[in-house]
Amino acid sequence: MNRFPRVALIALMSVAAVSGCEQNAENAADKPVTAAQQKDPNAIPGLATEKERVSYMVGMDLAKSLEPVKDEIDLDTMNRALKASLAGEKALMTEEQAQQVREAFTQKMQTQQVQKMMAAAKENETKGQAFLAENAKKPGVQTTASGLQYQVLSEGTGPKPKATDAVRAHYKGMLLDGKVFDSSYERGEPATFVLPQMVPGWQEGIPLMNVGSKYRFWIPSKLGYGEQGTPGGPIPPNATLVFEVELLDIAKQPAG
């Protein structure tokens with residue numbers, strides 16, 4: 001987790017917003033000009049002066065930076081610290097005390113994050129196991145010894161790749177709720193994969209396919225991204241994954 005955000009960082013964040021004001025002024029050239037805008041082309045209702053607009057923008061940026069910890073913040077107390085610090089008044093805590101508070105708070109938030117991830121992992125594992133148990137009963141769904149499930153959507157006539165090969169494929173990856181987290185179709189071009197570098201579900205599943213085939217795979221979390229998922233990414237911990245894969249070709253191994 002990043003260290004608790006400091007107000008001083010907001011100055012850096014404001015640069016892009018100020019540039020944006022200039023761009024907005026250019027884009028507004030063909031719009032009707034109000035009386036207020038004749039005096040100040042950047043006028044905004046409720047924010048009469050440049051100082052007010054800049055202050056409001058900084059407040060918006062600060063709010064965004066504090067969003068992850070908003071329930072831990074007392075705004076009145078934070079405003080007291082802001083006003084005192086900017087006025088050069090004596091702070092209620094020393095820098096050493098502030099550092100102690102910062103470290104304790106960071107540890108607290110990290111602990112909460114771990115607990116939340118563990119709870120989500122347990123829930124996803126339970127849901128995944130229940131889904132796979134029912135899915136295995138459906139016509140056309142086959143289950144391997146490892147727990148990988150697959151269904152042949154269309155069968156090709158080309159050769160089958162080995163587990164050590166690279167392959168070229170079109171694919172779509174989804175969570176159990178149907179949310180797409182990756183798709184070569186959306187990017188408009190197939191992808192090349194070196195199978196030994198892929199998750200175990202792909203390493204086992206793709207060699208089952210003839211080139212020209214299209215399969216649907218259901219990959220248990222233990223054969224996917226496991227308890228970690230993709231931290232900060234689209235795949236939750238212990239998520240069961242669904243892939244539709246169209247095997248186009250056995251490709252050459254990338255150089256190096």
Side-chain angles (χ1 to χ4, degrees), residues 1-4 67-72 105-153 161-167 169-187 190-209 213-247:
M1 174 177 290
N2 293 331
R3 293 180 61 183
F4 188 78
E67 178 68 25
V69 294
K70 64 179 181 179
D71 295 332
E72 306 288 335
F105 180 67
T106 298
Q107 181 62 47
K108 173 185 173 181
M109 298 305 293
Q110 288 175 339
T111 299
Q112 289 182 356
Q113 186 176 19
V114 169
Q115 292 173 342
K116 183 178 180 181
M117 186 180 74
M118 290 175 64
K122 181 63 177 177
E123 181 181 3
N124 290 336
E125 181 181 25
T126 300
K127 288 182 177 180
Q129 290 174 346
F131 172 86
L132 291 170
E134 290 300 314
N135 195 55
K137 302 173 185 178
K138 295 180 179 179
V141 176
Q142 302 184 57
T143 305
T144 70
S146 70
L148 174 70
Q149 294 183 354
Y150 67 96
Q151 182 181 37
V152 179
L153 302 179
K162 299 186 294 294
T164 55
D165 282 337
V167 297
H170 258 314
Y171 70 97
K172 178 171 67 173
M174 298 165 283
L175 302 178
L176 286 182
D177 61 5
K179 181 179 179 180
V180 177
F181 59 82
D182 195 10
S183 173
S184 66
Y185 294 104
E186 292 181 0
R187 291 192 295 272
T192 299
F193 301 100
V194 179
L195 290 179
Q197 298 176 4
M198 305 304 293
V199 296
W202 271 63
Q203 293 180 38
E204 179 183 359
I206 301 302
L208 298 174
M209 304 176 68
S213 299
K214 185 174 183 179
Y215 280 27
R216 181 178 290 118
F217 294 102
W218 293 270
I219 299 180
S221 62
K222 66 180 181 180
L223 301 178
Y225 290 88
E227 294 182 352
Q228 297 300 315
T230 53
I235 300 176
N238 275 346
T240 297
L241 306 178
V242 185
F243 281 96
E244 291 182 2
V245 182
E246 184 180 358
L247 183 58

NZ of Lys127 to CG of Leu175, rounded to nearest 0.5 Å, is 11.5 Å
Enumerate donor-acceptor pairs with a distance under 3.5 Å from any side-chain N or O in residues 217-230 to protein atoms, sequence neighbours excluded.
{"residue": "Lys222", "atom": "NZ", "partner": "Ser146", "partner atom": "O", "Å": "3.3"}
{"residue": "Thr230", "atom": "OG1", "partner": "Ile235", "partner atom": "N", "Å": "2.9"}
{"residue": "Thr230", "atom": "OG1", "partner": "Ile235", "partner atom": "O", "Å": "3.4"}

Ring centres under 6.0 Å, that's the criterion: do Phe243 and Phe181 meet it?
yes
message = Please evaluate residues Val245 and Trp202 with respect to the criterion side-chain contact (heavy atoms from CB on, under 4.5 Å), reporting the C-alpha separation (whole Å), side-chain torsions for both, the decisive distance (0.1 Å), and the verdict.
response = CA-CA 10 Å; Val245 182; Trp202 271 63; 3.9 Å; yes
task: Please lay out, stage by stage, how Lys116 and Gln112 fare under the test side-chain contact (heavy atoms from CB on, under 4.5 Å).
output: CA-CA 6 Å; Lys116 183 178 180 181; Gln112 289 182 356; over 6 Å; no
In this structure, CD of Gln110 is separated from CZ of Phe105 (nearest 0.5 Å) by 11.0 Å
Here the pair of heavy atoms bringing Leu148 nearest to Gly201 is CD2-O, 3.9 Å
For residues 129-140, run the donor-acceptor check on the side chains, cut-off 3.5 Å, and write out each pair with its distance to 0.1 Å, sequence neighbours left out.
{"residue": "Glu134", "atom": "OE2", "partner": "Lys137", "partner atom": "NZ", "Å": "3.2"}
{"residue": "Asn135", "atom": "ND2", "partner": "Gln149", "partner atom": "OE1", "Å": "2.7"}

CD of Glu244 to CG of Leu153, rounded to nearest 0.5 Å, is 6.0 Å
Test side chain to side chain donor-acceptor pair (under 3.5 Å), reference Tyr185, set His170, Lys172, Glu246, output is Glu246
* Asked: Do Leu247 and Tyr215 have side chains that get closer than 4.5 Å, going by heavy atoms?
  -> no
Item to complete: May I ask you to test the Asp182-Pro234 pair for a side-chain heavy-atom distance under 4.5 Å?
Response: no
OG1 (Thr164) and CD (Gln203) are apart, to the nearest 0.5 Å, by 10.5 Å
Without swapping roles, check the side chain of Asp165 against the backbone of Val167 for a donor-acceptor pair under 3.5 Å.
no
Heavy atoms of Met174 and Val180 approach each other most closely as CG-CG2, 3.8 Å
Looking only at heavy atoms, the pair that brings Asn238 and Ala121 closest together is ND2-O, 3.1 Å
